[in-house]
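Per chain, numbering begins at 1; letters A, B, ... match sequence-line order. Keep in mind that the numbers below use all heavy atoms, side chains included, and drop hydrogens, waters and symmetry copies.
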Amino acid sequence: MRLLARSLRHLGRAAIIVGLLDCLLLSSGHCQPLSSGVQLGTDSRFVADKGGLRALSKDFKVSKIPTSSEVAQIFQGSPEVWSSSFLVQTESGLARATQGPDGVALENLLEGDEIEVHPWGESYLVTSKAPKNILWVSVSSVEILPVEGGLKNLTVLDSDLAVVSSPTDFSVLRANTVNGSTPPKLQKLDIPFPLEKAQLSTGFGRALVWSLGSKKALDVKTGETLIFTETPSLGLRILDQGHILAVGKYSMDFLGADFGRRQFLRPTILDEAALKDWKLFRSGKSVQALWQADDRPSALSFNFVGPLVERTLDSGRIHTLIDAESQEPNASPLLFVETSLEEPKIDEDGDPVMDLETRKPASLKVLGYQIFTLDSDNQWRILVNKPRSALVGPVQRVGSRVLYSTQTEPIHNLGESIAVNHRYPYPAVILESRSVDSPAADVWTYEAPRGETPSKGRLPQAAWPILSEKGPLVFTTEGNALTALDLETGKKMWTSPELPLDDSSPEMVTWGSELFALIATKDSTRSLLLIDPKTGGVQKELALNATYFREKTPHLIALILVCAALAYYIYAAGRRTLFIRKIAGLNALDEAVGRATEMGKPVLYVVGLADVDDIQTLASLSILSHVARKTAEYDTPIITTTARAVTFSAAQEIVRDAYSVTGRPEAFNVESVRYISDDQFGYTAGVDGIMVREEPAANFYIGKFYGESLILAETGYATGSIQIAGTSEPNQLPFFVAACDYTLIGEELFAASAYLSRDPLQVGSLRGQDVGKAIVMLMLVLGSVLISLGVTPEYFTSLLGMNNP
Amino acid sequence: MRRQIPLAITFLTGLMMVIQFYIVPLSFLGDVLASWFQAITAFAYVLAAISLYVVNGKRVRDRVSGWPYNLVLMIALTGTLYIGLFNDLLGFGYPGHRPTDSGTNFAWMFQYIFTPLSATMFSLLAFYIASACYRAFKARSIEATLLLSSAFLVMLFRVPLGEYLWIKAGLGPIDIVWFIDTFIMGAFNNAGQRAIQVAAAIGLISVSLKIILGIERSYLGGD
């Protein structure tokens, strides 16, 4: 009775917790990182995250906009045309959001898989895997453009022209009007050579349909036919009409601002006009080229105005070219070159580190950088040489200044031990800025004590966060705060209080001049912080975190149903006798121990490979308790083997307790519970050895087993033991069934404790399990019927609100 | 108290693990408790190692049957531990490297002693599968005959040789591999496995609930 009362008290507490869970379930929230989003007018800003679409109003309230599935991306053309609408791409479709008097309404435009949205002037071309058509979407119209033979590929060249390829031919789409309000039409290309193996290559806003067989190409834009010419020494085929086609005879590396090094293994078109100042040089087996690359979308393009002298830029040392743009005609461009040197690697004690493969002293690669400037003679002159300072983060032109950051590797000498700062084991990040107009004289450097320096892990990938053209420059520090620097002087303007940040880069959203927002990304405290750009003070904090994992709703419902059934039958168990079917494997436990007693041989109990955090191990330990008590009663030696240290401790306590409970604590032998090995086959070999040497009369394999199950069971069979196994691993059950006398299959393992103890509360749980199974069966049948009737799983997920957290 | 405190700890940690699975702000608790478990495990290893020395040392001392195996185990355990922990003391240390780095003596032992021994044990499985099949596949009843025939189909025709023989026998138009994959493995086998998994999952929930509520306590030993 006391046990029942205690259990009911526990149940009462559990009910309170479940009630609290329900309350939390009903609350709304947000759980994914936000993008900077789009703005409609001055009132609302819309941001997308994986879960859905959110609106941030002017008074900084966050609300959700229901979508059919998870939002992948949002698109908005120029604010003049798309002043009151934008496109929302979801996992399963595309919708147009339009702001009306009652708020934002979503109009579904397309449902399909693998949707791709291509901006095209003021309209969009949308493709999907299924259906395989092109959808043209403007601010007010939608039109399906069927492709004869099926769509293979769509390439947007510029705001007026797109090339469409199908398995049989090529077509173009030309915009009809400037603002794109009239749908375009597909026009087939008249190609003057056989289309067999013809390919499309694009670049620099041009498109060529070409065929190596005919050595001809068609310029899609001009309609002209081009003939290949070849320069065998470089492996480049240079066409006329301002195009270059690089074929894959040799690999070709491009040093560019955005990617560092590009390698084209397939033909690629380049604009000859942009290559007028190009320079090739060899690096190993590849050919490298440096040139002006004004096609890049980044505002950082290098104005390569002078001749490049190979001896000035030693190709052997160049790893990446990072450049800065100079728009002013009289200003000198700056060329950032990454360098490297190798030096002996030294450990913390100052001893040389040996390369264990070559048995030679290991070397450490130290990165550095150089800055070149173009002098009045149009020659590159070295301005800065920092061989131990690696460039980290972006090199960015802001107004008339270039911003970059470095980490300096300290010099280590042999025999001198290295003091390691365990809190910050890496070099501090130093910010530097240099005027483009007078790069040698106008320089500032920002160095700060550790904790106040920029956080290396959160340095931006593409661009430094600048709140406006005049600054300030904002970065997160190692101490999880925001710091703002004056762009002109490099002086610290303010540091915010410590913010809830984790190691990932927080999203920064610039929003007007009065406030800007930062989405702090620590999982448990995710929040949108509105920060005053003048003082760094946090003006407002909006909780974005969901309190509840909404995608786990079906899981929770199933759990509540099963737990309710279990709880009811546990409660009802005390009032009536419940029937339990016989489980042969459990009935045989006592018989097996009895046999060992009669033969005067020990019993072997193998707990399995898993640790106590696996429920199968706990179920196994429950059965061990019963078996150990029987062996203690009959004075039969028991050998329990474990593969995990914690399991060993738990098993030892259980066997010791079993001997105490039976009134024979002195009979407990400390050797009866043995830790063998954590390794799967080391453990198997150890247990096999015990079987062969000590010849137990009864073997129990109960718990979690993997590939060793049959090795154990067959060895036991060979030694002539009676064998009882139990596991819920479906892949191992056939092995046990084949090799053992009795097997507890799946749920029987978990029913063992109730079956053996006959405790009414536990027996009730068995009935609860059966009801749980009935519920699952019912759901399986219902699900099969509904799917057959065409009711999709999405219906239920939307019903449960899982699509719109 | 000896029983109530563990039960209270079990109740609280069990509840925390359930709640952290569903509640976002508390999801960090799962990692916290997992790291606590790691710390406890580290202490338990000391006990486990002592047990190994006690059990095997006693057998070596008493010269029981097979005691040289126990001696080999103790030497291997001590040697591995020594090389792993005190590499430098042997005079062939590897400054700047961890014992597990490729090229160290520890790594050599792992690669050239431990791995082949493990592979040897695992390779025994092939022979044991053959002997277990020999015993299990006997046509004693209708069910056993069905098992035997489906096992025959799966074993023979899911390998290239079986497929070759099938085609050679002029049965090419019937795709035997597709039949086995679709019906035997995809339907009967899959359905059976899933039934076991669903029932086991419900059993697992049941045991978990009983442990959290303190109804199931035999894993603690005693009453």
**OP:** Please state whether the side chain, the backbone, both or neither of A/His555 comes within less than 4.5 Å of a heavy atom of chain B.
**Re:** both

Original post:
Do B/Arg135 and A/Tyr717 meet the cation-pi criteria used here (NZ or CZ under 6.0 Å from the six-membered ring centre, within 45° of the axis)?
Top reply: yes

Original post:
Where do A/Asn731 and B/Gln193 land on the side-chain contact (heavy atoms from CB on, under 4.5 Å) test, with the steps shown first?
Top reply: CA-CA 8 Å; A/Asn731 292 329; B/Gln193 287 216 2; 3.5 Å; yes

Original post:
What part of B/Ile211 lies closer than 4.5 angstrom to a heavy atom of chain A: side chain, backbone, both or neither?
Top reply: side chain

Original post:
Looking at B/Ala136, B/Ala119, B/Ala132, which has the largest count of heavy-atom pairs under 4.5 Å with chain A?
Top reply: B/Ala132

Original post:
Which bit of A/Glu694 is near chain B, if near means a heavy-atom gap under 4.5 Å: side chain, backbone, both or neither?
Top reply: side chain

Subject >> Pairwise distance CG(A/Leu566) to CG(B/Leu209) - rounded to 0.5 angstrom >> reply: 6.0 Å

Original post:
Is it the backbone or the side chain of A/Leu618 that comes under 4.5 Å from a heavy atom of chain B, or both, or neither?
Top reply: both

**OP:** Using non-hydrogen atoms and a 4.5 Å limit, figure out which bit of B/Phe127 sits close to chain A: side chain, backbone, both or neither.
**Re:** neither

**OP:** Mind ranking B/Phe137, B/Phe114, B/Phe21 by heavy-atom pairs under 4.5 Å with chain A and telling me who comes out on top?
**Re:** B/Phe21

Original post:
Looking at CG of A/Leu559 and OH of B/Tyr22, how far apart are the two atoms once the value is rounded to the nearest 0.5 Å?
Top reply: 4.5 Å

Subject >> Most contacts with chain A, counted as non-hydrogen pairs under 4.5 angstrom, among B/Val207, B/Leu204, B/Thr41 >> reply: B/Leu204

Subject >> Toward chain A, the part of B/Ser131 with a non-hydrogen atom under 4.5 Å >> reply: both

Original post:
Which atoms of B/Arg59 come close to chain A, meaning under 4.5 Å heavy atom to heavy atom: side chain ones, backbone ones, both, or neither?
Top reply: side chain

**OP:** Fit a plane to each ring of B/Tyr45 and A/Tyr675, take the angle between them on a 0 to 90° scale, and name the class: parallel (under 30°), tilted (30 to 60°) or perpendicular (over 60°).
**Re:** perpendicular

**OP:** Can you tell which part of B/Val198 gets under 4.5 Å to a heavy atom of chain A, answering side chain, backbone, both or neither?
**Re:** side chain

Original post:
Between A/Asp688 and B/Met121, what is the shortest heavy-atom contact and its length?
Top reply: OD2-CE, 3.9 Å

Subject >> Under 4.5 Å from any heavy atom of chain B - which part of A/Leu780 >> reply: neither

Original post:
What part of A/Val692 gets closer than 4.5 Å to chain B, counting heavy atoms only: side chain, backbone, both or neither?
Top reply: neither

Original post:
Checking side-chain contact (heavy atoms from CB on, under 4.5 Å) for the pair B/Ser51/A/Phe648: CA distance, chi angles, key distance, verdict?
Top reply: CA-CA 9 Å; B/Ser51 162; A/Phe648 162 75; 3.1 Å; yes

**OP:** Could you tell me which residues in residues 762-770 of chain A have at least one non-hydrogen atom under 4.5 Å from a non-hydrogen atom of chain B, sorted by residue number?
**Re:** A/Gln762, A/Ser765, A/Gln769

**OP:** Check step by step if side-chain contact (heavy atoms from CB on, under 4.5 Å) holds for A/Asp679 and B/Ser118.
**Re:** CA-CA 9 Å; A/Asp679 177 69; B/Ser118 279; 3.5 Å; yes

Subject >> Working for ring-ring contact (aromatic ring centres under 6.0 Å, His included), residues B/Phe122 and A/Phe681 >> reply: CA-CA 7 Å; B/Phe122 189 46; A/Phe681 291 106; 4.9 Å; yes

Subject >> B/Tyr69, part contacting chain A, at a heavy-atom distance under 4.5 Å >> reply: side chain

Original post:
What residue in B/Ala42, B/Ala200, B/Ala201 has the most heavy-atom pairs under 4.5 Å with chain A?
Top reply: B/Ala200

**OP:** Heavy-atom distances under 4.5 Å only: say whether A/Val646 touches chain B with side chain, backbone, both or neither.
**Re:** both

Original post:
Which region of A/Pro734, side chain (C-beta onward) or backbone (N, CA, C, O), has a non-hydrogen atom less than 4.5 Å from a non-hydrogen atom of chain B, or is it both or neither?
Top reply: neither

Subject >> A/Arg359 portion near chain B, given a 4.5 angstrom heavy-atom threshold >> reply: side chain

Original post:
So with a 6.0 Å cut-off around CE of A/Met779, is the heavy-atom count from everything else above 12?
Top reply: no

**OP:** Heavy-atom distances under 4.5 Å only: say whether A/Thr684 touches chain B with side chain, backbone, both or neither.
**Re:** both

Subject >> Intermediate values then yes/no, side-chain contact (heavy atoms from CB on, under 4.5 Å), A/Val612 and B/Phe37 >> reply: CA-CA 10 Å; A/Val612 287; B/Phe37 182 74; 3.7 Å; yes

**OP:** Could you look at A/Ala738 and say if it's the side chain, the backbone, both or neither that has a heavy atom under 4.5 Å from chain B?
**Re:** both

Original post:
Considering only heavy atoms, which portion of A/Glu671 lies under 4.5 Å from any heavy atom of chain B: side chain, backbone, both, or neither?
Top reply: both

**OP:** Side chain from CB out, backbone as N, CA, C, O: work out which of these in A/Ala751 comes under 4.5 Å of a heavy atom of chain B, or both, or neither.
**Re:** neither

